[in-house]
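For reference, the structure discussed in these notes is given below.
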Amino acid sequence: MKTFPMGGVHPSENKLSSARAIEVLPLPEVVNIPLAQHIGAPAVAKVAKGDKVLTGQLIAEAGSFMSANIHSPISGTVTAVDLVPNGQGLRQMMITIKREGDDWAEGIDRSATLVKECNLSAQEIIARIKAAGIVGMGGATFPTHVKLSIPAGKKAECVIINGVECEPYLTSDHRTMLEHGEELVVGVTILMKAVGGEKAYIGIENNKPDAIAHLSKIVAAYKGIEVVPLKVRYPQGGEKQLIAAVTGRQVPPPPALPIDVGAVVCNASTTFAVYQAVQKGMPLIQRVVTITGKSLKEPKNLLTRMGTPVSTLIAAAGGLPENTGKVINGGPMMGRAMVNLDSPVTKGCSGITVMSEHDARRHEASQCIKCAKCVAACPMGLEPYYLSKMTQKKNWDEVEARMITSCIECGCCQSTCPAYLPLLDWIRLGKQTTMGRIRARAAAAAPRK
Amino acid sequence: MANKLIVAPAPHVQTSQSTAHIMRDVVIALLPALVVSTIVFGVDVLRVTAISVAACVVFEFLIQKYVVRGPLTISNWSAVVTGVLLAFNLPASIPWWIVLIGAFVAIAIAKMTFGGLGKNPFNPALVGRVFLLVAYPVQMTTWPMPVSGGAFDALSGATPLAAVKHGAVGPDVLGVQDLLLGNMPGSLGEVAALALLVGFVYLLWRRVITWHIPVTILVTMALFAFFVALGKGGMQTPALLWQLPLFHVLAGGAILGSVFMATDYSTSPMTVRGGVIFGIGIGVITMLIRLWGAYPEGMSFAILLMNACVPLINKYVKPKRFGVK
Amino acid sequence: MEVLLYTILTLCVLGVLAAVILYFVAQKFRVEEDPRIDEVEKMLPGANCGGCGFAGCRGMADALVKRDDISELFCPVGGSDCMKAVAAYLGKAAAEKQPEVATVRCGGTCEKRPRTNEFNGAKSCAVAASLYVGETGCAFGCLGFGDCVAACAFDAIHMNPQTGLPEVDPDKCTACGACVKACPKMVIELRKKWPKNRAVYVSCVSKDKGAVVMKACKAGCIGCGKCEKVCAFGAITIANNLAYIDPQKCKLCRKCVNECPTGAIKLVGMDPLPKEPKAPAAPKAAPAEKAAPAAKETPKATQAAAPVEKAAAAPAPKAAPAAKEPNHES
């Protein structure tokens with residue numbers, strides 16, 4: 001069974017909601033739409049207080065190439081464009097819309113009919129994806145049209161569809177693959193056409209045998225698409241790990257990108273969104289969100305409009321249990337703990353994980369016993385114990401020399417540490433500082449030339 | 001909801017294998033050897049082990065409470081591990097006060113002066129043993145005979161390694177079965193190769209250690225012995241070609257040292273490649289001392305010497321980086 | 001006897017050899033250095049705090065000796081006296097700066113600024129700041145994990161466990177600026193040091209609108225502008241919903257202190273001005289009222305807990321405590 005070459009851990013999978021079919025969450029009454037839901041420049045609001053909007057209408061336009069459009073997920077009146085606290089409690093520009101009915105903008109095909117034919121050119125496909133505001137829905141929220149625009153001199157040999165979903169608990173990609181497999185595979189052909197790749201691989205971990213069987217059956221009718229079962233190991237869903245697992249090629253350290261080894265990686269839900277955007281004219285205004293947690297009454301997968309408050313999803317899953325200690329936007333390995341449960345679901349939100357206080361509280365840290373488990377667990381071949389220590393000593397030259405910028409923040413080191421040290425807390429800080437230093441150096445060097 | 005939400009950076013899951021769990025697993029892995037040793041040498045084994053463990057724990061407690069005044073960490077079982085390992089390096093007949101001195105050197109000098117668990121550069125139990133070996137050579141090399149009987153007249157109270165070294169007997173003095181089951185004079189822990197290997201498998205299964213360091217050490221030693229046998233006229237007596245390597249791997253502290261002492265976390269390298277270098281170094285130094293040095297056994301010196309190289313290895317041997325050729 | 005002789009001889013030969021080698025090595029690799037650098041280094045305080053911008057006092061001494069114009073160099077620890085002495089020794093013109101002291105501009109004590117969540121990560125302000133808003137609803141104030149305390153080389157700043165805020169010991173503070181750099185929220189400022197450690201400053205850095213500030217903290221600046229109006233010296237400016245007192249213009253007249261409805265303006269080392277006789281309330285500052293959960297209903301009353309009496313004050317223009325949806329915690 002294929003997998004990535006080094007490191008990794010296997011946390012308890014806890015896929016509580018994998019057998020629960022996707023349910024449609026009732027439309028929210030009020031939504032908050034952040035202008036920055038993606039990596040890159042925030043979108044620029046195109047509406048103002050008092051404007052009437054339709055479902056699927058463009059309400060904010062990409063601020064630059066590295067940015068994404070945003071559409072209204074409901075129809076109603078814009079009540080504010082203002083700073084609103086996000087899940088981390090930080091104030092962020094958001095468009096607030098109060099719902100009135102459910103009137104859709106024109107040109108959106110909401111039927112379930114499968115449209116296989118696609119006679120558009122690569123440029124046209126990318127233009128439609130850009131117009132629909134699609135970003136990576138696995139959590140990284142990298143604008144998809146940027147990823148598909150292959151730089152001159154590079155060639156995309158293969159498209160890799162990320163159906164790994166290695167995060168514990170989360171099942172939104174799994175359910176999407178099962179329930180929208182046909183559409184997803186059409187999406188794969190569209191992506192292949194967009195980047196000019198001949199081959200496509202759909203990587204799925206073998207804890208989802210139903211998805212592997214289902215998609216294998218569908219792709220049999222297509223040329224050049226292959227389903228690749230993968231050994232269950234976290235962080236296989238990391239872009240670099242997945243490319244290495246599927247093709248055996250390792251992306252060199254930053255600033256190299258996956259395209260340097262001829263691969264374009266796209267998440268399964270994103271691929272489905274690409275199908276909907278290109279074939280149906282549907283902008284990215286809703287997504288499947290897994291609401292899960294051992295203490296929740298009903299873990300489930302909900303088709304949710306963007307901007308819906310997280311508290312609404314929790315209520316739909318049976319309400320917040322009394323012993324809740326932590327609510328995580330995302331899965332337990334890379335998700336962000338939330339302080340504000342009224343914050344909205346965004347494009348990158350693949351799940352909400354509720355943890356009891358007992359599970360949520362960290363064990364007390366003791367001292368490093370040099371067990372080297374973090375070194376063995378690091379999928380990038382780094383030395384987490386050392387990077388963490390040197391960051392605390394502010395030895396920035398040393399952490400840079402030891403390749404801290406390669407860290408993908410997967411959390412394997414910290415989750416495997418028997419001394420319960422906050423390794424990644426520090427490494428993340430060291431990485432941010434180092435990136436800042438590299439940028440400052442580049443800026444200082446630029447005018448001289 | 002009753003309580004305030006807890007916030008922390010990701011990841012939000014932690015392993016259940018804490019430091020205390022790991023140390024407890026090491027103690028469990030040492031139990032089979034303790035049982036075998038008790039069968040071979042009698043209840044003296046339990047006496048020495050109990051004194052050593054109790055002394056190590058008490059010394060660590062006292063030092064942390066009254067000298068360092070830091071947090072108490074005796075609950076992490078590391079002092080127990082040191083205690084058992086120190087006892088395993090002693091003869092069963094050793095007087096109790098020597099055990100106390102050994103435990104004091106191990107804990108107070110080799111461990112706590114450097115900041116306790118994880119910061120000591122040398123394996124505490126081995127420092128204790130070597131100190132005793134130098135300070136009390138007579139008591140430390142007076143080996144009791146196995147209680148089961150006298151099939152060992154040939155050795156007359158010397159360990160097999162010593163007997164072979166002084167040319168009294170050949171490496172075929174003991175059968176494979178005797179070597180595996182510990183039917184020979186020696187320290188508490190080094191006589192039961194098979195029981196130690198059971199512990200090794202347990203540690204591998206519990207993912208406490210990886211196989212790299214022990215296997216590298218033992219393979220290096222076997223290869224070294226093989227070539228020595230070859231040079232000593234192995235062509236004429238082919239039996240020597242397998243007897244000498246097997247003897248060196250199974251007799252003495254080779255297995256105890258390679259599985260339980262060389263793999264001590266804080267005194268071994270952080271990377272697999274570093275571990276291999278470390279293992280080869282130990283294997284070679286051990287064989288050099290065994291064959292040409294003053295002592296019949298060189299495992300503890302070899303491990304301590306290579307412990308000294310660990311910071312250097314950690315500095316220069318980096319793990320294989322993802323995406324770097 | 002013979003052994004002894006040989007031993008001694010060998011050692012002697014070795015010693016002479018080593019001495020000869022060392023002599024030549026020392027000759028070959030000798031570094032010529034201006035002896036004045038050593039002298040200047042001795043005149044500097046020797047704290048190696050980095051407050052001057054160099055890695056240590058030696059680097060500063062080196063620069064002082066080598067540069068012709070030293071007006072841009074300043075040792076905050078030694079202050080003007082030290083710089084004058086160095087300049088006199090080197091025959092150059094020294095920079096002159098008024099003494100400064102680190103000032104923590106946050107009044108969000110545990111009592112005034114209730115905790116809304118619990119941070120369970122590495123105990124560091126930098127880590128917490130890179131993750132989220134902090135343990136309270138205020139996105140600007142002190143996080144309380146003590147990065148500034150760890151950064152201080154002079155033992156001059158300490159966390160007060162009662163308030164959860166750092167406190168500067170002005171007598172120990174050398175204004176080296178290490179804590180200013182360490183604070184990710186930029187709460188600490190180097191301000192002019194008055195005689196007897198007197199000071200008046202706005203103890204808040206929140207740029208939030210008044211209503212948001214009121215919800216998160218009872219000691220925050222709501223940007224109402226009363227202090228700006230009352231200041232006769234033009235020392236107070238309001239920008240981004242936040243008042244700032246310019247220490248160069250401030251004359252310590254203390255009028256603004258009585259005017260502030262939330263008690264965000266701190267007065268140190270002086271008694272407040274006598275209160276206007278309008279209010280018949282208790283003259284002495286009441287002991288700080290326990291933060292009752294019912295605070296929401298009567299925001300004015302709780303503000304009065306601050307030493308300043310504001311019974312007759314008109315409601316703050318932006319105050320609308322119940323406007324936003326209540327926090328999920330309550």
Side-chain angles (χ1 to χ4, degrees), chain A residues 30 32 80 82-92 96 309-312 314-315 320 324-327 329 335-343 355 357 359-365 388-389 391-394 409 411 414 420-433 435-436, chain C residues 49-50 55 108 113-141 143 145-147 150-151 153 178 181-182 184-185 205-213 215-217 240-242 318 320 323-330:
Chain A
V30 177
N32 281 311
D82 202 356
L83 293 173
V84 177
N86 66 8
Q88 276 70 51
L90 301 165
R91 318 287 191 265
Q92 218 184 333
T96 308
V310 167
S311 49
T312 313
I314 296 174
L320 204 60
T324 300
K326 204 184 255 183
V327 179
N329 181 346
R336 290 174 164 217
M338 303 175 70
V339 288
N340 174 16
L341 300 186
D342 294 321
S343 63
M355 284 175 111
E357 191 181 352
D359 291 345
R361 199 172 290 279
R362 289 185 181 180
H363 297 274
E364 205 179 321
S388 164
K389 198 167 91 182
T391 299
Q392 287 175 67
K393 292 188 173 176
K394 298 191 165 60
E409 302 180 25
Q414 191 169 327
Y420 302 127
L421 295 171
L423 295 171
L424 184 56
D425 294 8
W426 291 111
I427 295 173
R428 204 182 274 114
L429 185 69
K431 183 179 158 186
Q432 283 167 7
T433 311
M435 306 264 259
Chain C
C49 65
R113 189 170 57 141
R115 298 287 183 264
T116 57
N117 64 79
E118 182 193 334
F119 182 66
N120 193 216
K123 288 277 170 281
S124 148
C125 304
V127 170
S130 66
L131 174 71
Y132 79 129
V133 67
E135 283 188 326
T136 67
C138 175
F140 295 89
L143 294 166
F145 299 115
D147 278 14
K181 273 184 226 150
K185 292 286 190 186
V205 290
S206 173
K207 291 175 182 154
D208 271 332
K209 288 178 187 155
V212 180
V213 173
K215 210 172 111 185
C217 176
N240 298 321
N241 308 308
L242 179 62
K318 287 171 188 169
K324 283 278 152 89
E325 68 269 62
N327 199 316
H328 59 88
E329 299 298 343
S330 42

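The structure presented is a predicted model; accordingly, all values stated were derived computationally and were not measured. Numbered from 1 within each chain, the chains take letters A, B, ... in sequence-line order.
Only the backbone of A:A360 comes within less than 4.5 Å of a heavy atom in chain C; its side chain stays farther off. Contacts of A:L429 with chain C are made by side-chain atoms alone, with heavy-atom separations under 4.5 Å and no backbone atom involved.
Using a 30° and 60° split on the angle between ring planes, A:H363 and A:Y420 fall in the parallel class, below 30°.
Every side-chain contact (heavy atoms from CB on, under 4.5 Å) that A:E357 has, sequence neighbours left out, goes to A:R361, B:N3, B:I6.
Looking only at heavy-atom pairs under 4.5 Å with chain A, the residue among C:A122, C:S124, C:G121 that has the most is C:A122.
Counting all heavy atoms, side chain and backbone alike, C:N241 lies closest to C:K207 at ND2-O, 3.0 Å.
The backbone N or O of A:Q92 lies less than 3.5 Å from no partner atom in the side chain of A:N86, so there is not a single donor-acceptor pair.
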